[in-house]
Number of protein chains: 2
Amino acid sequence: MATDGPSADSAGVTTTRKTFALLEALRDEEGCTITELTARTSLTKSTVYRHLQTLTELGYVIERDDGYYLSFRFLQLSETPRTRTPGYTAAKRTVFELGEETDERAVFIVEENYEAVYIHRYGSLSDTMIGKRRPLHSMASGKVILAEWDDDAVAAFLEATELEQLTENTITDPDDLYAELETVRERGYAVNDQEHMDGLRGVAVPVYTPDDELLGSLGVFGPTTRLPDEYVHGELPNRLWDKAGEIKVTLAYGE
Amino acid sequence: MATDGPSADSAGVTTTRKTFALLEALRDEEGCTITELTARTSLTKSTVYRHLQTLTELGYVIERDDGYYLSFRFLQLSETPRTRTPGYTAAKRTVFELGEETDERAVFIVEENYEAVYIHRYGSLSDTMIGKRRPLHSMASGKVILAEWDDDAVAAFLEATELEQLTENTITDPDDLYAELETVRERGYAVNDQEHMDGLRGVAVPVYTPDDELLGSLGVFGPTTRLPDEYVHGELPNRLWDKAGEIKVTLAYGE
DNA sequence: GATAGTGTTTTGCTATCCGGAACATTGATG
DNA sequence: CATCAATGTTCCGGATAGCAAAACACTATC
């Protein structure tokens, strides 16, 4: 069931909301029939059919014998933000190298609408996580990004969001978060110590452009058994700083 | 000016077409103001405003001081097809390795609606090409894919499309294409010899799943000066076969 | 052949979307 | 400060586009 579907209480263009409810149902499960999409959305059969026909004509949905699929044409819409700045493209290559060198999951994450968004990721073949959104406060990468903001900006974030408790370790008290961000600023890196998911640790550093603007956050995560304290506070941040510096150099001097 | 916008002659849900006209205008140029989008689309100012507000509420568009931007949320829609099969994810890593090893542009391409679509690419920081669509007949990767089809399927393709002439070398005669596909089948690889763009050569091979289904096409391309005949017909296809085989093995036995 | 399930088309109704106009805001200029 | 132009935001009445329900067509199964 698509979670971002149209709501009767929402303003705006209702037809557009219905279209996206349908697209999100397909996002969550491809190859659905019209009957299945009717069940997954709160739309009627003929509305589903009509929207699908339109989306198919526009090239955003593919109809096959067994059902409907999202088209690769959405790549054109997603690559526009993902290549918004050459830094994002440079980070892609770095994430790959980092993943290979550490033999762990490597990620490049940015913030959008107060959420951490996976832009690039090196890891398993199954779930690429790209495009997925996570709370800023419970991730090393998110904390790195928050640490770049002044207190007013962090206060606005706290006003607009809730410090959701995901594990026993998750920071849920604003004062604790301010203190943690201060630690991140001093250290130059952030650690997620099972704050997002039990058994998982992560380290992240900020990535700056040659103009010293924050580009995003470069991070590595893995099971606690493979990321002990000495590594998390020693070699790993060092390696991440090196890699972040490589991105900066690539941007300053070209490939 | 968005090229896939709504047309007065089209059937279907007109409101949805207007929404996508707007999204495509933003795809082509980000950071536009309402006035600019009104000029770029044939929509009126209040329609533009209304749709943008809806898209912003849905999280697909971001409003900033200087204009409107596409959200990373589109990654969620594009990653669904791009991770439709683990083979595509495996191909991503291989494309990177291939690009690094050859020091050329490396690509993984699939077919959708009779067009070649760049799914993964290793190359310059500027234009990543991902999501872009190209004619099948003028690309090595496209010819590899066409060579996998039987004559009926190729005939249907020829019926539905036009063999557009892009360079002097482009194949524009159906009989020539059939002959070329036969050559591709015999050789096991395809060459694009300045058929798509003057000065550019490419080589591509098919990538198969462990079930021997066609996954897509793995290719390398670069300027003719760097891709001479001996390389194009010798070491390069060999390397591509090796890499394609690696994908197959990865899929068969895991990472 | 009959039947159930699913996809496609039809159709009348009305609410939604639209576009034009009014209004609000902002920045620049004198 | 006042004025003005440009741009963004809201309002509003009308009509048509979108809707949902129903009818119809198609397919697979027994």
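Only a predicted model underlies this, so the values are computations on that prediction, with no experimental measurement involved.
- Regarding contacts with the backbone of D:dC19, a side-chain N or O of A:K18 is found under 4.0 angstrom from either OP1 or OP2.
- The side chain of A:H51 contributes an N or O atom lying less than 4.0 Å from OP1 or OP2 of D:dC19.
- Taking the ring centre of B:F72 as origin, the terminal cationic atom of A:R82 falls outside the region bounded by 6.0 Å and 45° from the ring axis.
- Using a 4.5 Å heavy-atom threshold, the side chains of A:L26 and B:T80 count as separate.
- Both A:E63 and A:T16 lie close to DNA chain C; mapped to their nearest nucleotides by heavy-atom distance, the more 5′-ward contact belongs to A:E63.
- Rounded to an integer number of Å, the gap from CG of B:D65 to P of D:dG8 is 12 Å.
- As rounded to whole Å, 15 Å separates atom C1' of D:dA20 from atom CD1 of A:I34.
- Here B:Y49 reaches the OP1 or OP2 of D:dT9: one of its side-chain N or O atoms lies under 4.0 Å away.
- By the 4.0 Å N-to-carboxylate-O rule, B:R84 lies close enough to A:E30 to be salt-bridged with it.
- By the 4.0 Å N-to-carboxylate-O rule, B:K132 lies too far from A:E79 to be salt-bridged with it.
- Checking D:dA20, D:dC11, D:dG8 against every side-chain atom of B:T35, the shortest atom distance belongs to D:dG8.
- Between A:R50 and D:dG18 there is no side-chain N or O to OP1 or OP2 distance below 4.0 Å.
- A nucleotide of DNA chain C counts as in contact with chain A when one of its atoms lies under 4.0 Å from a heavy atom; the first and last such, 5' to 3', are C:dT6 to C:dC17.
- Rounding to whole angstrom units, CD of residue B:Q53 and C1' of D:dC11 are separated by 15 Å.
- Side-chain N/O atoms of A:T47 and base N/O atoms of D:dA20 include no donor-acceptor pair closer than 3.5 Å.
- Checked for salt-bridge contact, B:K248 and B:D212 meet the test: a charged N lies under 4.0 Å from a carboxylate O.
- The aromatic rings of B:F74 and A:F74 sit parallel to each other, their planes meeting at less than 30°, with 60° as the upper class boundary.
- Using a 30° and 60° split on the angle between ring planes, B:F20 and A:F20 fall in the parallel class, below 30°.
- Along DNA chain C, the nucleotide closest to A:T33 and the one closest to B:T15 are compared, and the more 5′ of them pairs with A:T33.
- Residue side chain A:S46 reaches the base of D:dA21 through a donor-acceptor N/O pair under 3.5 Å, judged by distance alone.
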